[in-house]
Amino acid sequence: MTWTVGVGVLISQTGCWDMKTIQDTNYMTAIGFDYKDGKYIVYGQMLDFASVAKQEGGQSGKPPMIWVGKEEGATVSDAFNRLYRTSQQRVFWGHVGAYLFSKSALDQGIGKFTDGSVRYSETRFTQWVYSTNESIEAIFSVIPFFNVSPINSILMQPVEAFRQHSFIPPHRLFWVASKLREPGYTVMLPTLDIDDTVWAKNEKPDSKLRVNGAYSLNKQYKLEWVSEKQFLGARWLNQYTSRTPIVVYREGKPVQTVNVKPKAHIKVRVQGGQAFFDIEVKAPLGVAEIFEGVGESELEQLVAKQIKEEIEQTFKLGKSRSIDVYSLEHILYRDKFKEWAKMTNYGVNPLTEYELGNVTVKATVLHSGMLKMKEKTPQY
């Protein structure tokens with residue numbers, strides 16, 4: 001009797017007939033956006049799931065398998081729906097780690113491209129956001145070192161590289177979306193390109209991704225590009241700069257290399273209908289390399305002078321091209337709202353009457369090597 005009841009219970013149990021296994025799902029890992037001839041173009045990157053998992057016994061000898069799909073439509077959602085026609089299996093969007101925009105897409109405004117995806121329950125606002133002037137398909141197809149998955153590239157894991165080489169910071173979608181809503185804020189969106197001149201594998205060029213500059217984004221849709229070299233001054237004002245190197249020159253000759261972890265403070269004052277922004281930078285540094293002997297006091301003076309020049313040069317370049325590279329207008333809005341409202345007609349017009357005031361840099365030698373400065377965890 002007991003055996004009969006047990007069999008009956010087992011037979012009556014329903015199975016998980018709608019359960020999807022790993023191999024029955026396609027996992028989208030990155031999305032690219034473009035715009036051409038009135039059509040919205042989307043790219044989807046998918047990876048072989050086996051290439052994401054760690055290989056037993058070391059790295060795989062074979063390059064990871066990467067698929068890049070492309071479709072276009074009257075809207076972004078229309079293009080995504082067209083992509084489903086050839087996806088063969090259900091597509092899961094919860095693992096998307098990066099959004100990549102072409103210049104043409106940025107011209108349309110990123111909101112037109114992200115509105116549909118962030119409304120979808122599987123996606124979030126945590127993707128890293130980049131722009132590019134290169135082929136999106138080519139960017140998505142670059143393989144990192146040792147044939148590991150593209151998930152291990154700066155496209156989807158940029159933080160550790162930025163901590164070691166702090167020049168142009170990465171941004172997540174939620175940060176970009178929130179800052180673009182802030183009056184007077186200019187988002188400097190990092191751009192990616194492909195560099196095949198640095199690394200070689202078995203004496204053949206081995207292409208790698210590189211952050212080579214940034215596009216300016218704001219409410220006025222003023223889209224301008226600056227190179228990493230032109231953007232050097234911004235690293236001294238970024239609160240998350242962890243380790244940025246500087247070659248110290250004396251009379252045109254390099255004498256030392258130092259690593260700096262700056263901390264900046266900006267104060268605004270308004271005089272005669274014009275805004276002046278006083279900048280104070282504290283620059284603790286560690287000596288990384290010595291070419292010629294320089295006294296500690298002289299080294300601090302040389303570093304301070306060079307940092308000040310970089311801040312001023314980047315500001316002048318930005319203003320000559322109507323780019324508020326340091327988002328100084330937002331500081332005016334935040335600290336002196338009445339003056340900001342008067343000077344910009346409550347944000348209708350961009351701030352034009354502004355200049356740098358006093359730029360003060362205090363460099364301090366902390367050590368001459370063998371010590372590591374404490375890093376601040378980025379909250380992008």
Side-chain angles (χ1 to χ4, degrees), residues 162-163 165-171 175-176 178-179 182-188 214 216 218 226 230-246 248 258-272 274-286 296-297 299-319 323-341 343-344 350-367 373-380:
F162 176 74
R163 281 176 172 169
H165 187 73
S166 303
F167 277 78
I168 300 177
H171 301 309
W175 186 91
V176 174
S178 65
K179 294 303 180 183
E182 291 285 343
Y185 206 99
T186 298
V187 172
M188 301 303 294
S216 63
N218 53 37
V226 295
Q230 295 169 329
F231 199 54
L232 281 179
R235 57 181 169 158
W236 307 116
L237 307 185
N238 188 320
Q239 63 175 318
Y240 295 117
T241 296
S242 296
R243 180 183 183 273
T244 189
I246 179 171
V248 185
V258 300
N259 292 318
V260 186
K261 187 179 184 301
K263 183 177 182 181
H265 178 71
I266 304 176
K267 187 175 181 180
V268 59
R269 50 190 170 86
V270 178
Q271 296 176 349
Q274 191 170 28
F276 295 89
F277 295 87
D278 298 324
I279 298 176
E280 180 182 345
V281 179
K282 295 181 180 179
L285 61 94
E296 183 174 305
S297 177
L299 177 63
E300 291 173 345
Q301 292 176 11
L302 291 172
V303 171
K305 178 176 180 291
Q306 208 162 319
I307 291 175
K308 180 179 178 180
E309 289 175 350
E310 288 187 5
I311 292 173
E312 293 173 342
Q313 289 170 1
T314 296
F315 171 81
K316 291 177 181 177
L317 172 74
K319 191 174 182 186
I323 311 172
D324 184 6
V325 290
Y326 301 147
S327 292
L328 298 177
E329 182 186 333
H330 181 69
I331 296 176
L332 177 65
Y333 160 81
R334 188 183 60 204
D335 294 350
K336 294 185 179 296
F337 177 80
K338 289 184 179 179
E339 289 83 350
W340 170 83
M343 298 173 71
T344 65
L351 180 67
T352 56
E353 300 300 322
Y354 69 103
E355 291 290 345
L356 283 186
N358 301 316
V359 180
T360 305
V361 181
K362 180 175 177 55
T364 306
V365 176
L366 293 186
H367 62 81
M373 298 183 192
K374 186 177 180 181
E375 295 178 348
K376 184 176 182 180
T377 303
Q379 300 295 321
Y380 302 114

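One-based numbering along the sequence shown. Not measured: the values here are computed from a predicted model.
- Of the charged side-chain nitrogens involved, at least one lies within less than 4.0 Å of a carboxylate oxygen, so that K319 and E355 count as a salt-bridged pair.
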Verdict with supporting geometry, V359 and I307, side chain to side chain contact (heavy atoms under 4.5 Å, CB included): CA-CA 10 Å; V359 180; I307 291 175; over 6 Å; no
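- Note: F315 and Y326 have parallel aromatic rings, judged against thresholds of 30 and 60 degrees for the angle between ring planes.
- Among residues two or more places apart in sequence or in another chain, the side-chain contact (heavy atoms from CB on, under 4.5 Å) test is passed with R269 by Q271, F276, D278, N358.
- In this structure, the side chains of I168 and F231 come closer than 4.5 Å at one or more pairs of heavy atoms.
- Between E312 and K316, no side-chain nitrogen of the basic residue sits less than 4.0 Å from a carboxylate oxygen of the acidic one, so the salt-bridge criterion is not met.
- The distance from atom NZ of K267 to atom CZ of F277, rounded to the nearest 0.5 Å, is 13.0 Å.
- Separation of atoms NZ (K338) and CE (M343) is listed at 16.0 Å; rounding is to 0.5 Å.
- With a 4.5 Å cut-off on side-chain heavy atoms, T344 and Y333 do not count as touching.
- Of the candidates T314, T244, T241, R235 forms a side chain to side chain donor-acceptor pair (under 3.5 Å) with just one, namely T244.
- One distance of note links CG of L356 with CD1 of I311; it measures 8.5 Å at 0.5 Å rounding.
- Panel note: side chain H330, backbone P183; a donor-acceptor pair is recorded below 3.5 Å.
- Of the inter-residue distances, the one linking T364 atom OG1 with L285 atom CG reads 7.5 Å to the nearest 0.5 angstrom.
- From Q230, atom CD reaches atom CD of Q313 across 11.0 Å, with rounding to the nearest 0.5 Å.
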Audit row: E329, N218, side chain to side chain contact (heavy atoms under 4.5 Å, CB included) steps and yes/no: CA-CA 11 Å; E329 182 186 333; N218 53 37; over 6 Å; no
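- In this pair, W340 and F337 present their aromatic rings tilted. The plane angle is within the 30 to 60° band.
- More than 12 heavy-atom neighbours from other residues, nucleotides or ligands sit within 6.0 angstrom of NZ on K179.
- Between P170 and F162 the shortest heavy-atom distance is CD-CG, 3.9 Å.
- Interatomic distance, R243 CZ to K261 NZ, rounded to the nearest 0.5 Å: 13.0 Å.
- Of all heavy-atom pairs between S242 and S166, the closest is N-OG, 3.1 Å.
- Residues A304 and A363 share a closest heavy-atom pair of N-CB, 4.2 Å.
- By the 4.5 Å heavy-atom criterion applied to side chains, I266 and L328 are counted as neighbours.
- Taking all atoms of both residues into account, the shortest heavy-atom contact from E300 to V365 is OE2-N, 3.0 Å.
- For the residue pair W175 and S178, the shortest heavy atom distance occurs at O-OG, 2.9 Å.
- Each of I279, V260, V361 was compared with W236 under the side-chain contact (heavy atoms from CB on, under 4.5 Å) criterion, and only V260 meets it.
- With hydrogens and angles ignored, the 3.5 Å screen pairs no side-chain donor or acceptor of T186 with any backbone N or O of S327.
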